[in-house]
Structure formats: structure tokens, C-alpha cells
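The shown structure was predicted, so the numbers you read here are calculated from the model rather than taken from an experiment.
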Amino acid sequence: MNQNVLIGPFVQLLPMSGLPLKGPLKDSQLPIIYSGGILVSEGKIAKTGTFEDLIIEANQIHKIDGEQVCLPGFVDSHTHICFGGTRARDYALRNAGVSYLEIAKSGGGIWDTVTQTRKASQSELEVGIRERAQIHLQNGTTTLEVKSGYGLSVHEEVKMLRAIQNANKQLEIDLIPTCLAAHMKPKDWKGDSSYLDEIISKLFPILKSENLTNRVDAFVEESAFAPSEVESYFQEAQKFGFDITVHADQFNPGGSEVAIKFNAVSADHLEASTEKEINLLAQSDVIATALPGASLGLGCEFTPARKLLDAGCALAIASDHNPGSAPMGDLLTQASILGAFEKLSNAEVLGGITFRASAALNLKDRGVLSPNYIADFATFRTNDYREITYHQGQLKPSSVWKKGQQVFESK
Ligand code: NIG
Ligand code: FE
């Protein structure tokens with residue numbers, strides 16, 4: 001017989017269930033179970049309800065002390081936490097008035113991190129991933145996407161993706177790997193064919209045979225790849241069965257149209273999206289992903305989250321944690337700040353880092369607390385869920401649970 005473990009009671013349990021994937025959300029739409037409990041069986045949610053009602057079905061009870069609010073574990077659908085070195089120099093240069101693209105042209109930027117990442121061994125990269133991922137977990141994230149993209153050769157991209165795969169085996173948080181070999185054109189490329197052709201013919205088969213990822217990303221931008229260059233790349237990626245995701249409209253519009261054309265799972269950044277791109281995204285199934293950490297790191301405007309939602313988009317919010325544009329890496333802080341600037345409801349902010357973010361990763365087993373979903377959740381010491389965004393990330397989780405097991409408890 002399955003062991004049913006009852007966890008609770010929670011003053012407020014927010015399952016984030018039954019909400020629309022697309023469009024605006026009001027706080028009044030949020031289902032709240034008062035004095036709630038979660039019945040867990042074999043790592044999955046068997047039932048949610050009031051603690052009292054569930055006691056009869058429990059073989060074991062894990063009592064939660066004091067007043068705590070429970071939310072689904074956060075899903076951070078866009079990070080680059082596999083890297084070597086630092087880009088503090090870039091940050092200082094930007095704050096002295098040099099632009100991100102100017103720094104990239106003069107040898108800094110992504111290429112600087114490529115150089116530093118190539119110098120690191122696979123096991124050194126694994127250590128960095130583990131340390132950063134552990135901080136994300138303690139901040140309430142239970143699923144974390146991680147991109148390659150600082151290798152920019154077949155060998156170095158494989159090294160990065162193997163490091164992500166190995167780190168994932170050693171961690172409680174789930175890492176979702178993505179191949180971002182199309183992050184920029186490698187400055188040292190000397191092959192006869194084009195760089196992307198080499199990635200298609202040599203890297204894609206390895207990704208499949210070693211099961212390193214099922215997702216392919218590209219940076220569509222003047223300093224990286226033009227829409228026409230990534231179109232044939234994505235066509236080939238889709239033949240291999242990869243999901244597509246795009247770094248789109250960060251400085252100039254263009255990438256989101258490619259994302260829509262290829263029915264990508266998500267188009268991320270969108271700081272430069274105009275009304276035209278916003279309306280096209282709203283008519284598509286592509287999840288629009290805001291990356292406020294990049295706006296905070298670069299000191300530039302936020303993704304027009306309010307307009308995207310009002311037009312009818314599904315809005316996810318991710319940290320973009322990376323050494324260049326988004327070194328902070330604190331999802332809840334960034335999502336809360338985006339909410340304040342863009343006038344987002346709690347439901348929109350919390351939906352953007354739970355069920356809407358899991359849709360951006362094409363994951364159908366997490367992001368809400370409903371029967372048969374993975375029992376991933378975070379608890380906060382408060383009696384009102386609104387305190388969570390109000391404190392803009394300073395109210396940290398008191399505990400984090402992965403597959404029904406407590407994996408973190410604050411002291
Ligand atoms: O999402 N925009 C491109 N890629 C990353 C930045 C990477 C870097 O600067 O190292 C991003 O912001
Ligand atoms: Fe990114």
C-alpha cells in the first residue's frame with residue numbers, strides 16, 4: 001500500500017491551479033485553501049484540501065509549525081549558470097557608459113566568458129553549477145533551466161552539457177538543459193562550412209545519443225545571428241525533435257517572429273518588442289518570457305510585461321542568471337521588482353514563476369499543486385501570501401520540498 005504523508009497545516013495554501021495560461025490574472029482569481037494540507041504519495045501530490053479533511057487519509061503526518069504560506073516550487077525557465085570566470089569588468093565598463101554591444105565588439109561580453117569557460121575543466125564547471133543551483137533551491141526554485149552557450153565549439157558545448165547532466169544527478173533541484181551553441185559566432189571559427197552547419201552535423205547527433213538535452217536555443221540579434229541564419233538551423237533542430245526557444249527582441253525586434261514561425265516553446269527577453277511583436281505573440285502559443293535580471297544588470301528598460309499580458313500573452317518570468325547581463329540570479333527579487341514597475345498583480349508575478357514558467361519548458365508535471373503533479377513546493381513564514389512579493393525577495397522560504405521530501409529548512 002502507498003504511504004500517504006500529510007504535510008501541513010498551512011495558513012494559506014496556493015495551488016495556482018485552474019488558472020488560464022494566457023492573459024491577465026487578478027488576485028481575486030487565485031484559489032486559496034485556508035488551513036490547507038498536501039497529501040503526498042511516492043513524490044507526487046495525491047490530494048490537497050483542508051488539513052482536517054485529509055488527516056483521515058494520512059499514514060504519516062509532517063506538522064508545519066507556526067503560520068506559513070505554501071506555494072508551488074518556483075520554475076526558473078532561463079539561466080546560464082554553467083560558466084567560468086567573472087565579468088565584473090564589463091559591469092564597471094557599462095556603468096561608466098560603455099554599451100553592452102560596444103563591450104561585446106571590443107572583445108568583452110559573451111566571448112570573454114567563452115574564453116574563461118573553455119579554460120575550466122568539466123568538473124570545475126560542475127562545482128560552479130552545484131553551488132549556484134543550491135542557492136536557487138534555497139530561494140524556492142525547484143526546477144532550473146540551464147543553457148550551454150559559452151563553449152561555442154562541438155567539444156566545448158559537449159563539455160558544458162555533460163557538466164550540467166552530471167550536476168543534475170548530484171542535486172535535488174531538477175536541472176533542465178538547453179543547447180545554446182548559437183549564442184554568438186565563435187570568433188576563432190576556421191572551418192570550411194558554416195559554424196551552425198558544423199553544430200547541426202556534429203553536435204546534434206551527440207546531444208541525442210548522450211541524451212544531453214531536448215531543447216535548442218539561439219540568440220537572434222545583430223551581434224549574434226540574423227533571423228535568416230537561424231531559420232535553417234531551427235529547421236534541422238526540429239528534424240532531430242528538439243523543442244525550440246529563442247533569445248528574442250533583446251535590443252532589436254526580429255527574434256520573436258522567428259520564434260512564432262517555428263512554434264517555439266518560448267521567446268525570451270522581448271525588451272525591444274513593439275506593439276506588432278506583442279500582438280503576434282499574443283496570437284501564438286509561444287510563452288513570452290520576461291528576464292528582469294537582465295534589465296537590472298544592464299540598467300535598461302524592462303520587458304513590456306503589462307502590455308504582453310493585456311494583449312493576451314502567456315507571461316513567464318525567469319532570472320537569466322548569467323555572468324554578463326544578469327549576475328544577481330535572484331528570481332523572486334527580480335519578479336517582484338518587475339511587478340512593481342510593470343504593475344503586475346501577485347497572481348501574474350507568482351503565475352509567471354510557477355505554472356506559466358513550466359509551460360515555457362514544456363513540462364506538464366509541475367508548476368501547480370494538484371493531484372498527480374510532482375510534490376515540489378516552498379513555504380514562507382507569513383499568514384498572507386501578498387507579503388511574499390511585497391518584501392521583494394527578502395522574505396525567503398522557510399522550507400523547500402522536492403518530490404515530497406524536505407530538502408531545505410531555514411535556521
Ligand atoms: O540572455 N543575450 C544573450 N545572452 C545572455 C547574456 C549572456 C552574457 O552576457 O554572457 C542573456 O542576457
Ligand atoms: Fe539568456
- Query: Under a 4.5 Å cut-off applied to non-hydrogen side-chain atoms, are F225 and Y195 in contact?
  - Reply: yes
- So, D376 and K402, do they make that salt bridge, N to O below 4.0 Å? yes
- Taking everything shown except Y390 itself, do over 12 heavy atoms lie less than 6.0 Å from its OH? no
- Query: Do S35 and E52 meet the criterion of a side-chain donor-acceptor pair at a distance under 3.5 Å?
  - Reply: no
- Message: Ring of F242, cation from K208 - is the NZ or CZ under 6.0 Å from the centre and inside 45° of the axis?
- Response: yes
- Salt bridge or not for K403 and E42, using N-O below 4.0 Å? no
- Side chains of E277 and T274: do they bring a donor and an acceptor to under 3.5 Å? yes
- Q170, CD: over 12 other non-hydrogen atoms inside 6.0 angstrom: yes
- Residue pair E145 / T79, side-chain donor-acceptor N/O under 3.5 Å: no
- Task: Would you tell me whether S99 and R94 have side-chain atoms, one donor and one acceptor, within less than 3.5 Å of each other?
- Result: no
- Message: Can you see whether E126 engages Q122 through a side-chain donor-acceptor pair at a distance of less than 3.5 angstrom?
- Response: yes
- Point-to-point distance, once rounded to the nearest 0.5 Å, from CG of L212 to CG of L203: 8.0 Å
- Message: For a quick check under 3.5 Å, do E198 and S193 share a side-chain donor-acceptor pair by atom type?
- Response: no
- Message: Counting neighbours of CD on E222 that are heavy atoms of other residues, nucleotides or ligands and sit closer than 6.0 Å, is the number greater than 12?
- Response: no
- Applying ring pair (Phe, Tyr, Trp, His ring centres under 6.0 Å), which residue pairs with at least one partner in residues 14-53 are found, sequence neighbours left out? none
- Message: Test of understanding: with side chain to side chain contact (heavy atoms under 4.5 Å, CB included), list the residues that count as partners of E172, not counting sequence neighbours.
- Response: L137, V407
- Item | From S232 atom OG to I200 atom CD1, the distance as rounded to the nearest 0.5 Å | 6.0 Å
- Return each pair, listed once, that meets salt bridge (charged side-chain N to carboxylate O under 4.0 Å, His left out) where at least one residue sits in residues 10-34; pairs must be two or more places apart or across chains. none
- Message: Suppose we screen for side chain to side chain donor-acceptor pair (under 3.5 Å). Which residues come up paired with K185, at least two apart in sequence or across chains?
- Response: E229
- Item | Atom pair SG (C179) and CD1 (I164), whose distance is rounded to the nearest 0.5 Å | 9.5 Å
- Message: More than 12 heavy atoms of other residues, nucleotides or ligands under 6.0 Å from CG of N372: yes or no?
- Response: no
- Any residue meeting side chain to side chain contact (heavy atoms under 4.5 Å, CB included) with S121, in chain and number order, not counting sequence neighbours: S123, E124
- Non-neighbouring partners of N279 that pass side chain to side chain donor-acceptor pair (under 3.5 Å), sequence neighbours left out: none
- More than 12 non-hydrogen atoms from neighbouring residues, nucleotides or ligands closer than 6.0 Å to NZ on K396, yes or no? yes
- Side-chain contact test, heavy atoms from C-beta onward, threshold under 4.5 Å: evaluate it for V69 versus L14 and give yes or no. yes
- Message: Per the salt bridge (charged side-chain N to carboxylate O under 4.0 Å, His left out) rule, what does the pair list look like for residues 55-72, sequence neighbours excluded?
- Response: K47-E57, D65-R381
- Task: Evaluate ring-ring contact (aromatic ring centres under 6.0 Å, His included) for Y91 paired with Y100, printing each intermediate quantity in order.
- Result: CA-CA 9 Å; Y91 188 75; Y100 183 72; over 10 Å; no
- State, without any angle test, whether H78 and D268 hold a side-chain donor-acceptor pair at a distance under 3.5 Å. yes
- Query: Under the salt bridge (charged side-chain N to carboxylate O under 4.0 Å, His left out) rule, what pairs show up with a residue in residues 347-363, not counting sequence neighbours?
  - Reply: R306-E348
- Query: Are a donor atom and an acceptor atom from the side chains of T178 and T213 found within less than 3.5 Å of each other?
  - Reply: no
- Verify, without hydrogens or angle tests, whether R215 (side chain) and T245 (backbone) share a donor-acceptor contact under 3.5 angstrom. no
- Query: Can you list every ring pair (Phe, Tyr, Trp, His ring centres under 6.0 Å) pair that touches residues 332-366, not counting sequence neighbours?
  - Reply: F302-F341
- Indicate whether any N or O donor in one side chain lies under 3.5 Å from an N or O acceptor in the other, for Q406 and E409. yes
- Message: Between E157 and K159, does any side-chain N to carboxylate O distance fall below 4.0 Å?
- Response: no
- Query: Does a side-chain heavy-atom distance below 4.5 Å link V286 with V265?
  - Reply: no
- Message: Between S319 and D76, is there a side-chain donor-acceptor contact under 3.5 Å, judged purely by atom types and distance?
- Response: yes
- Message: Measuring only between side-chain heavy atoms, which start at C-beta, is N139 closer than 4.5 Å to L331?
- Response: no
- Message: Quick one about S256 and D249 (side-chain donor to acceptor, distance below 3.5 Å, no hydrogens or angles considered), yes or no?
- Response: yes
- Under the side chain to side chain donor-acceptor pair (under 3.5 Å) rule, collect the residues that match up with T354, sequence neighbours excluded. none
- If you measure from OG on S345 to CG on L25, what distance do you get to the nearest 0.5 Å? 6.0 Å
- Item | Side-chain ion pair, K202 and D197, N-O less than 4.0 Å | no
- Message: Less than 3.5 Å apart, any donor N or O on the side chain of D53 or T50 sitting next to an acceptor on the other?
- Response: yes
- Message: side-chain contact (heavy atoms from CB on, under 4.5 Å), that's the test. Do L19 and Q29 meet it? Break it down for me.
- Response: CA-CA 8 Å; L19 296 165; Q29 288 173 269; 4.0 Å; yes
- Note on the structure: The complete set of ring pair (Phe, Tyr, Trp, His ring centres under 6.0 Å) pairs with one or both residues in residues 366-387, sequence neighbours excluded, reads F377-W401
- Task: For N252 and E221, test the side chains for any donor-to-acceptor distance below 3.5 angstrom and give the result as yes or no.
- Result: yes
- Message: Quick check on E210: does its CD atom have over 12 non-hydrogen neighbours (other residues, nucleotides or ligands) under 6.0 Å away?
- Response: yes
- Is the shortest side-chain N to carboxylate O distance from K276 to E257 below 4.0 Å? yes
- Item | All side chain to side chain donor-acceptor pair (under 3.5 Å) counterparts of H136, not counting sequence neighbours | H321
- Query: When H247 is tested against each of T289, D320, D217 for side chain to side chain donor-acceptor pair (under 3.5 Å), which residue passes?
  - Reply: D217
- Note on the structure: Output for pair (I173 CD1, L144 CG), nearest 0.5 Å, gives 4.5 Å
- Rounded to the nearest 0.5 Å, what's the gap from CD on Q165 to CE on M160? Could you check? 14.0 Å
- Query: Which class fits the ring pair H183 and Y150: parallel under 30°, tilted 30 to 60°, perpendicular over 60°?
  - Reply: tilted
- Query: Got L101 and F251 here, is their nearest side-chain heavy-atom distance under 4.5 Å?
  - Reply: yes
